[in-house]
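What follows is a single structure, written as structure tokens, with notes after it.
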Amino acid sequence: MKVEIKPSICSGEVIVPPSKSMAHRAIICACLANGKSVISNIDYSVDILTTIECMRNLGADIECGKDFVVINGIKDFNNLKNNEIQCNESGSTLRFLIPLFSLTNKKIIFKGKNRLLKRPQKIYEEIFNDLGLYFSQDDDKIEIEGCLKANEYSICGNVSSQFISGLLFTLPLLKENSKINILPPVESKSYIYLTIEMLKKFGVEIIWENDFTLFIKGNQKYLPHNETVEGDFSQFAFFGVMACINSKLSINGMDKNSLQGDKQILNILKDFGCDILYENGKYNVSADNLTSREIDIKNCPDLGPILCILAMFSKGKTVIHNVSRLRIKESDRIQAMITECGKMGCKIQATQNEMIIDGGFSAPSEELSGWNDHRIVMACAVALSRLGGTINGCEAITKSYPNFFEDLKLVGIDLNIYE
């Protein structure tokens with residue numbers, strides 16, 4: 001899919017879609033509760049549909065409404081429907097579910113698409129090997145066999161919090177108590193808090209013994225619970241930056257008290273000189289002049305691409321710290337932004353763990369590429385709302401935000417979609 005965007009003035013109000021991170025967690029918890037739960041404010045992105053289908057394979061009964069799901073959770077792990085589990089491109093789905101599916105004590109084959117199986121899974125490989133369980137990975141699949149055991153686990157904190165969340169979903173169901181020791185430095189710690197928050201809503205308690213140790217009591221049970229998924233601050237960021245480089249927007253659908261790590265976008269925008277006013281449940285965002293700052297994305301790596309666009313339209317030199325994990329996302333997001341921002345007249349330099357962006361921009365010299373990455377497509381689209389141009393490979397947005405371009409139209413962006 002190709003999208004042509006003309007320079008436009010954005011205005012009005014947009015409702016941000018629900019948090020994909022929270023929806024994954026709510027659906028998984030509901031499926032582990034023996035009884036009926038309703039999860040409301042669901043956006044059926046490919047990633048969420050993937051988690052739904054995987055949990056159906058585990059035996060959960062899931063009915064999908066327009067923007068909600070009704071879930072009757074599993075009683076036990078003896079009703080596996082299919083041992084081949086397709087995770088598509090969803091890293092959250094894969095890493096959350098590997099420990100859970102081990103509880104079937106059957107051979108499970110996890111499949112994926114594009115770069116998913118090239119993303120690191122060594123933490124689980126080491127855990128399974130240490131417990132004498134089977135774990136095998138190649139370019140086509142991951143195979144596991146054997147039931148995870150209650151234990152004291154030590155996990156590197158600077159790889160991905162998804163491994164820790166995966167264990168947190170599973171360990172409370174085992175008979176004995178467990179611990180997770182997180183080896184510093186810890187990145188994306190906010191996502192661990194999101195998991196613990198959702199588990200608590202479904203009746204499962206996780207205790208922080210100290211800043212790096214989690215105690216998980218065994219023999220717990222998930223309880224049915226109705227949950228409304230809050231708005232997604234990682235998607236908010238695209239509209240927040242567009243308001244700042246373009247005109248102004250009212251952004252609705254957010255929880256002011258959210259624990260999402262990507263909520264850091266509010267402070268980042270303010271530091272760059274944006275005006276943000278929260279009233280009547282909406283964030284009103286605008287800016288006159290943007291000034292570069294240093295940014296640390298240790299706890300919000302998904303903001304990386306759109307922050308490159310913010311930096312491009314800001315005066316001076318922006319340094320973004322702790323970017324190394326951007327290399328192992330749906331694309332190499334560092335190289336993607338170096339390339340695409342370069343087409344728009346902006347120079348980006350990268351070291352192992354930093355990106356340095358010199359403010360400056362021009363109309364793109366050629367067609368932009370989406371790099372088969374939803375966040376690259378959306379970041380480029382935000383830039384083109386000001387500059388004009390064309391992006392190829394825009395079908396990647398279905399991974400997280402299928403209605404993104406329709407929402408751009410609703411706030412005044414003039415664009416044409418070519419299938």
Problem - Separation between NZ of K248 and CG of D288, rounded to the nearest 0.5 Å - result: 11.0 Å
Handout entry: Distance (rounded to the nearest 0.5 Å) between L103 CG and L173 CG
Key = 6.5 Å
Handout entry: 4.5 Å side-chain heavy-atom contact, I127 and F163
Key = no
Problem - E230 vs K256 side-chain heavy atoms within contact, under 4.5 Å - result: no
Exercise for the section: Please say whether the positively charged group of K189, taken as NZ for Lys or CZ for Arg, lies over the ring of F212, i.e. under 6.0 angstrom from the six-membered ring centre and within 45 degrees of the axis. Expected result: yes
Problem - Sole residue of T50, T51, D47 in side-chain hydrogen bond (donor to acceptor under 3.5 Å, both in side chains) with T93 - result: T51
Taking atom types as modelled, find out whether [X] and [Y] have a side-chain donor-acceptor pair closer than 3.5 angstrom.
| X | Y | answer |
| --- | --- | --- |
| E279 | N284 | yes |
| R119 | S160 | no |
| T228 | N41 | no |

Closer than 4.0 angstrom, basic N to acidic O: yes or no for [X] and [Y]?
| X | Y | value |
| --- | --- | --- |
| R333 | D373 | yes |
| K399 | E89 | no |
| R375 | D302 | yes |
| E53 | R56 | yes |

Problem - Ring centers of F96, F169 separated by less than 6.0 Å - result: yes
Problem - F233 and F236 aromatic ring geometry - parallel, tilted or perpendicular at 30°/60° bounds - result: tilted
Exercise for the section: Could you tell me which residues satisfy ring pair (Phe, Tyr, Trp, His ring centres under 6.0 Å) with Y193, sequence neighbours excluded, listed by chain and number? Expected result: W208
